[in-house]
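What follows is a single structure, written as structure tokens, with notes after it.
Treat the numbers as computed from the prediction; the structure is a model and nothing was measured. Each chain gets a letter, A, B and so on, in the order its sequence line appears, and its residues count up from 1.
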There are 2 protein chains.
Amino acid sequence: MGSIARIGRVAHATLGAQAYESLRDLLIAGELAPGERLSLRTLAERLGTSVMPAREAVSRLVADEALEVLPNRAVRVPVLTLGTFRELTRVRIAVEGFAAAEAARAVGPGDLGAIRAHDAAFRSEVLAPEPDLEQAMRANRDLHFAVYRAAGLPALVAIVEGLWLRIGPVLNLDLRSSRRRLAEGGAQVHHARLVAALAAGDPEGARAALAADIAGSADFIETTGRLTP
Amino acid sequence: MGSIARIGRVAHATLGAQAYESLRDLLIAGELAPGERLSLRTLAERLGTSVMPAREAVSRLVADEALEVLPNRAVRVPVLTLGTFRELTRVRIAVEGFAAAEAARAVGPGDLGAIRAHDAAFRSEVLAPEPDLEQAMRANRDLHFAVYRAAGLPALVAIVEGLWLRIGPVLNLDLRSSRRRLAEGGAQVHHARLVAALAAGDPEGARAALAADIAGSADFIETTGRLTP
DNA sequence: TGCCGTGATCTGTGATCACACTTAGGCTCG
DNA sequence: CGAGCCTAAGTGTGATCACAGATCACGGCA
């Protein structure tokens, strides 16, 4: 059984799952504006499939509260009120702060290396003369989730993904509007404190640094005033 | 417009949503054993519909990780390993503990009344000569979620619901097996401490009481040894 | 007696059709 | 000229059909 054992699994990807991840990435990247309406048939046509996979994708996103169905049964990406945004921010600080604290306890050398790499990528992008905001946001996301994964609690990572799915649209939409505010926000400082706390095995330091990072970006979003009161 | 304003919303319940909640309640109540396989057509027949609503329900539950699809594409309720159970317990203590602490800050008189009622219902059921375990578990669940709702963070309640959905099968399945261990577990003591802390506006006391409650029930589940190593 | 092919049956997935409902636009009537 | 109806297109939901793959049992071969 020499070569027969070497064939890997066939990457079982159902069309519905592909549609889900496509829509998911669009939402998390803020490419779908809050309030924008979606049509199953249009979505299916864009995906090159029938409405069935699109239906499953939308259903799952609705279950995650990343999309919402109006009383008319129309589907749209939710418009967050200021109150809801603040609520999500508080929950994020609690949940992601806990994840950071646990990461400080459980982080290994490999995790730390990956985290430092994402941190460096973010900083170099932000400090560049012509920063690519999309690249910067991706590095920021990779950094955060590398930390959360280092906690060794996959269930927690899934929860955080759900939270990011809800704030993704407003977060990245506003980020796109203004350029260099990213550098002024002081995210790099929080990141540096976070990485240092992780390396030192300091849970409360990591939690505080991450809470400050989240609070800082939330403040920035609120000052843009795009949220409905 | 006298009577026209009094008709409540027509309870817009799509068949898929009904199927989802039915399955959801079955899982949370532990009526589906871990490892049990589900069939869309069988499920549809039991619901009296076609496979479509059953499909949506299963899809959403799979997204919540309350059900899982095997590589064979067969659907079953997941069997938790001991490691996964402990992971979920740690996450529960963090998340639900935070909810309890916030509830201690935000709880109002009406919330407290409802919480006390559920607490009394649970205690009276547990101390009864012939305790109805199903009633007791329902009262326990109502008590917990009344506390979480009192925190005023709906997003957090949704997260906790997802966690309970995953541990529901093993929790209630084991509870059903042994009778009076429920009373010995000391849940009532933890509940009493929790209610007292909420009434006193003591966040850390509420968090500690709830953490002890979760840890106590988790210990009990582990001693039954039904979890796969 | 043990084991491997082979058939029917059942699985989830996707496509297509049918239906109730909403919504937007054009047309008619005042 | 403007307002109201009213048709037609588009919406999500559900049912039904079609299909590839998996499972399991029975029967024949070694």
Side-chain angles (χ1 to χ4, degrees), chain A residues 1 4-5 7-24 26-27 32-79, chain B residues 4 7-24 26-27 32-79:
Chain A
M1 67 158 201
I4 188 62
I7 59 171
R9 288 217 53 85
V10 293
H12 159 48
T14 170
L15 285 182
Q18 293 179 34
Y20 171 76
E21 299 201 359
S22 296
L23 250 184
R24 189 177 186 284
L26 256 56
L27 280 169
L32 270 54
E36 187 170 343
R37 292 212 318 281
L38 296 182
S39 155
L40 290 188
R41 288 172 175 82
T42 305
L43 199 68
E45 189 179 6
R46 186 165 312 183
L47 292 169
T49 69
S50 78
V51 298
M52 289 291 320
R55 246 164 94 168
E56 181 179 331
V58 169
S59 279
R60 287 175 60 177
L61 263 340
V62 167
D64 294 338
E65 290 180 277
L67 292 177
E68 68 178 0
V69 293
L70 302 178
N72 324 336
R73 290 187 171 178
V75 178
R76 72 170 188 184
V77 22
V79 290
Chain B
I4 189 61
I7 60 169
R9 286 223 46 88
V10 61
H12 161 46
T14 168
L15 286 182
Q18 292 180 34
Y20 171 75
E21 300 201 0
S22 296
L23 250 184
R24 189 177 186 283
L26 257 56
L27 280 169
L32 271 54
E36 188 170 341
R37 292 213 317 282
L38 296 183
S39 155
L40 290 190
R41 288 172 175 83
T42 306
L43 198 67
E45 190 180 5
R46 184 165 315 184
L47 293 170
T49 68
S50 79
V51 298
M52 289 289 321
R55 242 163 97 167
E56 181 179 332
V58 169
S59 279
R60 287 175 60 176
L61 288 170
V62 167
D64 294 337
E65 291 181 278
L67 292 177
E68 67 178 2
V69 292
L70 302 177
N72 323 337
R73 290 187 172 179
V75 178
R76 72 170 187 183
V77 24
V79 290

Item to check | Non-hydrogen side-chain atoms of A/T14 and A/Q18 separated by less than 4.5 Å | outcome: no
Checklist entry - Under a 4.5 Å cut-off applied to non-hydrogen side-chain atoms, are A/L32 and A/L23 in contact? => result yes
Check the distance between [N]'s [atom2] and [X]'s [atom1] and give it to me in whole angstrom.
{"X": "B/Q18", "N": "D/dG14", "atom1": "CD", "atom2": "C1'", "answer": "13 Å"}
{"X": "B/L15", "N": "C/dC19", "atom1": "CG", "atom2": "C1'", "answer": "13 Å"}
{"X": "B/R76", "N": "C/dG12", "atom1": "CZ", "atom2": "P", "answer": "14 Å"}
{"X": "B/R37", "N": "C/dT11", "atom1": "CZ", "atom2": "P", "answer": "9 Å"}

Checklist entry - Is the shortest side-chain N/O distance from A/S39 to OP1 or OP2 of D/dG10 below 4.0 Å? => result no
Checklist entry - Below 4.0 angstrom from OP1 or OP2 of D/dT23, is there any side-chain N or O of B/N72? => result yes
Checklist entry - Looking at A/P34 and A/P78, what are the two nearest heavy atoms and their distance? => result CB-O, 3.5 Å
Checklist outcome for this item: A/R37 and A/A74 have their tightest heavy-atom pair at CD-CB, 4.2 Å
Checklist outcome for this item: Taking D/dT13, D/dA22, D/dG12 as options, the one with an atom nearest any side-chain atom of B/T14 is D/dT13
Checklist outcome for this item: Of D/dG12, C/dG12, C/dT13, the nucleotide closest to the side chain of A/R73 is D/dG12
Next on the checklist: Quick test of your reading of the model: are B/E36 and B/R76 salt-bridged, counting only N-O distances below 4.0 Å?
Outcome noted: no
Item to check | Interface residues of residues 40-63 of chain A with DNA chain D (non-hydrogen, below 4.0 angstrom) | outcome: A/L40, A/R41, A/T42, A/R55
Side chains of residues 50-63 of chain A: which donor-acceptor pairs under 3.5 Å do they make with residues two or more places apart or in other chains?
unit_1: A/S50; atom_1: OG; unit_2: A/M52; atom_2: N; d: 3.3
unit_1: A/S59; atom_1: OG; unit_2: A/R55; atom_2: O; d: 3.2

